Amino acid sequence: PPKPAGHLRIATLGGSTVLGVPDGQLGFVHQLEQTLRPLARQPLDFLNLARSGAGSNSVAESLEHALAAEADLVLVLTGHNEFLAARPTEGWRGTLQRVRDRSFLATGIGRWLEEGNPPREPAFPDTIEPVDPNGAQAKAIRRNFERNLTRIVARTQEAGVSLVLLTAPANLSEWPPAHRRVAWRPSRPRFESDVAALHRLIDSGDAAEALRALRNEPPAAPDDATIRYLEGRALVGVGRPQEARLAFTRARDRDPIPRRALTSFNQLVRSHAHAPHITLVDLATHFEQIATSGLVGLELIADNCHPTPLGGAHIAEQVTRALGDADLVLRRGVRVPSADAIHRTTQRALGNAAKQRSVHVRWLLSNAIY
């Protein structure tokens, strides 16, 4: 839609976290909009161009729409969906994908077929192919993310538009890596028994014994993501949270089915912090600072990557403060409300107690699919 006269247009780009999954009323963009409107120097117009499952390729394309729509400020949070959105590049599937990408005829036929037979959600497969964190595919995806990020920064600078880059916070301590339904080759029978034994020790409260087992009897796959995650749980159990955070981080970065932003992705985002017209909001670091013992869990992130309503309020607060520090959007000298205050305002906006409960129940049920 055309930008209203005298308004400052803010475009938000990213995946489902930016879109507001599982309910936009409690998403961070909606909370940010509620927070900024009474503090802004001029009327605001928000344009949310996020899409569930979108990776950095889609974000870079959406940026062109934002610039064409005369956005004055662009906010980008990306990194969670890089492996989810990656297309096959090897084997016969990769060949067919490249043919379709380069063929107007194939694309047209595909669209014609979809008109009469709308695509259906595929059945969940028996197994999912794992990603080797040190393999060629993972390296190619990281390079692609870096290229897209560089493109996003360059395009906003060319257009003279302010860019707010956000690192992507994720559930570190209460979201285990993929373990079941992974198509391991070859199969790992001893590994399965090692994992089961560690689970029994930790779940029974004997975290110290679990650590001794990890040290004295190294498992069949010692640097596997699940083993590192269980090591983190055991370290929490014996009161060593800082070491646990390192183990959990290692587990996340080696997840065979990556559905959270890797450390390397957030480091690439941080590397652009000092470029002209760039404002960095390091949410990943902020969430670690406010989480108990630095272990980001379900209080702030409801699943693998989507913030809870409270987590969304913290994002809204941090973005608002960063805009004020950069002398963008906000009137001079205004007081930025705390995350708790933003959270309370969001709750009140839902209506009376019964309506608030209804929205929260719907939010929980929608989020349960993850």
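From a predicted model like this one, the values you see are computed outputs, not experimental measurements.
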In Å and rounded to the nearest 0.5 Å, what is the [atom1] to [atom2] distance from [X] to [Y]?
X: Thr150; Y: Leu268; atom1: OG1; atom2: CG; answer: 8.0 Å
X: Leu198; Y: Thr226; atom1: CG; atom2: OG1; answer: 10.5 Å
X: Ser62; Y: His65; atom1: OG; atom2: NE2; answer: 6.0 Å
X: Leu364; Y: Thr308; atom1: CG; atom2: OG1; answer: 10.5 Å
X: Leu75; Y: Ser162; atom1: CG; atom2: OG; answer: 11.5 Å

Electrostatic pair [X]:[Y] at N-O distance under 4.0 angstrom:
X: Arg260; Y: Asp253; result: no
X: Asp224; Y: Arg188; result: yes
X: Arg344; Y: Asp340; result: no
X: Glu33; Y: Arg37; result: yes
X: Asp45; Y: Arg9; result: yes

field: Test log, rule side-chain hydrogen bond (donor to acceptor under 3.5 Å, both in side chains), inputs Arg270 and Thr167
entry: CA-CA 7 Å; Arg270 294 183 184 107; Thr167 56; 4.7 Å; no
Please answer: with hydrophobic residues joined when any side-chain heavy atoms are less than 4.5 Å apart, are [X] and [Y] in the same cluster?
X: Val76; Y: Leu63; result: yes
X: Val296; Y: Leu262; result: no
X: Phe28; Y: Leu44; result: yes
X: Leu67; Y: Leu328; result: no
X: Val329; Y: Leu280; result: no

Verify, without hydrogens or angle tests, whether [X] (side chain) and [Y] (backbone) share a donor-acceptor contact under 3.5 angstrom.
X: His7; Y: Ala5; result: yes
X: Asn367; Y: Pro22; result: no
X: Glu82; Y: Ile141; result: no
X: Gln31; Y: Pro309; result: yes
X: Ser366; Y: Trp363; result: no
X: Asn48; Y: Val18; result: yes
X: Glu317; Y: Val336; result: no
X: Asp194; Y: Pro219; result: no
X: Ser204; Y: Leu201; result: yes
X: Thr285; Y: Asp282; result: no

task: Let me see the working for Asp303 and Asn171 under side-chain hydrogen bond (donor to acceptor under 3.5 Å, both in side chains), right down to the final yes or no.
output: CA-CA 7 Å; Asp303 41 49; Asn171 191 328; over 6 Å; no
Can you list everything that forms a ring pair (Phe, Tyr, Trp, His ring centres under 6.0 Å) with [X]? Sequence neighbours excluded, please.
X: Phe248; answer: Tyr229
X: His343; answer: none
X: His80; answer: none
X: His179; answer: Phe191

- request: Walk me through it: do Ser56 and Asn148 pass the test side-chain hydrogen bond (donor to acceptor under 3.5 Å, both in side chains)?
  value: CA-CA 6 Å; Ser56 59; Asn148 284 327; 2.9 Å; yes
Check this for me: [X], atom [atom1], are more than 12 non-hydrogen atoms of other residues, nucleotides or ligands nearer than 6.0 Å?
X: Arg215; atom1: CZ; result: yes
X: Lys355; atom1: NZ; result: no
X: Glu299; atom1: CD; result: no
X: Arg357; atom1: CZ; result: no
X: Glu158; atom1: CD; result: yes

field: Sub-4.5 Å side-chain heavy-atom contact between Leu19 and Thr12
entry: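 No, side chains not in contact.
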message: Could you walk me through whether Asp72 and Lys3 satisfy the salt bridge (charged side-chain N to carboxylate O under 4.0 Å, His left out) test, starting with their C-alpha distance in whole Å, then the side-chain angles of each, then the deciding distance to 0.1 Å, before giving a yes or no?
response: CA-CA 10 Å; Asp72 301 289; Lys3 183 170 67 173; 3.1 Å; yes
Any donor-acceptor N or O pair under 3.5 Å, side chains Ser16, His306: yes
- prompt: When you check the side-chain N and O atoms of Ser293 and Arg245, is any donor under 3.5 Å from an acceptor?
  reply: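 No, no side-chain donor-acceptor pair sits under 3.5 Å.
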query: Where do Val281 and Ile315 land on the side chain to side chain contact (heavy atoms under 4.5 Å, CB included) test, with the steps shown first?
result: CA-CA 9 Å; Val281 185; Ile315 297 176; over 6 Å; no
- prompt: Which pair of heavy atoms, one from Val238 and one from Ala208, lies closest together, and at what distance?
  reply: CG1-N, 3.7 Å
field: Option passing side chain to side chain contact (heavy atoms under 4.5 Å, CB included) with Ser358 (candidates Gln356, His360, Arg362)
entry: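 For Ser358, the side chain to side chain contact (heavy atoms under 4.5 Å, CB included) check succeeds only for Arg362.
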task: Could you walk me through whether Ser173 and Arg233 pass side-chain hydrogen bond (donor to acceptor under 3.5 Å, both in side chains), step by step?
output: CA-CA 8 Å; Ser173 64; Arg233 283 192 59 198; over 6 Å; no
task: Run the numbers on Arg142 and Glu146 for side chain to side chain contact (heavy atoms under 4.5 Å, CB included), then give the verdict.
output: CA-CA 6 Å; Arg142 283 191 284 265; Glu146 183 174 13; over 6 Å; no
Sequence-distant partners of Arg228, salt bridge (Lys or Arg N to Asp or Glu O under 4.0 Å), two or more places apart: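 Arg228 satisfies salt bridge (Lys or Arg N to Asp or Glu O under 4.0 Å) with Asp223, Glu231 once adjacent residues are dropped.
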message: side chain to side chain contact (heavy atoms under 4.5 Å, CB included), that's the test. Do Leu323 and Val164 meet it? Break it down for me.
response: CA-CA 8 Å; Leu323 292 175; Val164 180; 3.9 Å; yes
query: Which ring-ring contact (aromatic ring centres under 6.0 Å, His included) pairs, counting each pair once, include a residue from residues 140-165, with sequence neighbours left out?
result: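 As it turns out, the ring-ring contact (aromatic ring centres under 6.0 Å, His included) pairs with a partner in residues 140-165, which skip direct neighbours, are Phe145-Phe265.
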- request: Name the orientation class of the two ring planes belonging to His286 and His314 (parallel below 30°, tilted from 30 to 60°, perpendicular beyond 60°).
  value: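 Tilted.
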query: Going through the checks in order, is the salt bridge (charged side-chain N to carboxylate O under 4.0 Å, His left out) test met by Arg212 and Glu217?
result: CA-CA 8 Å; Arg212 278 192 290 271; Glu217 301 175 32; over 6 Å; no
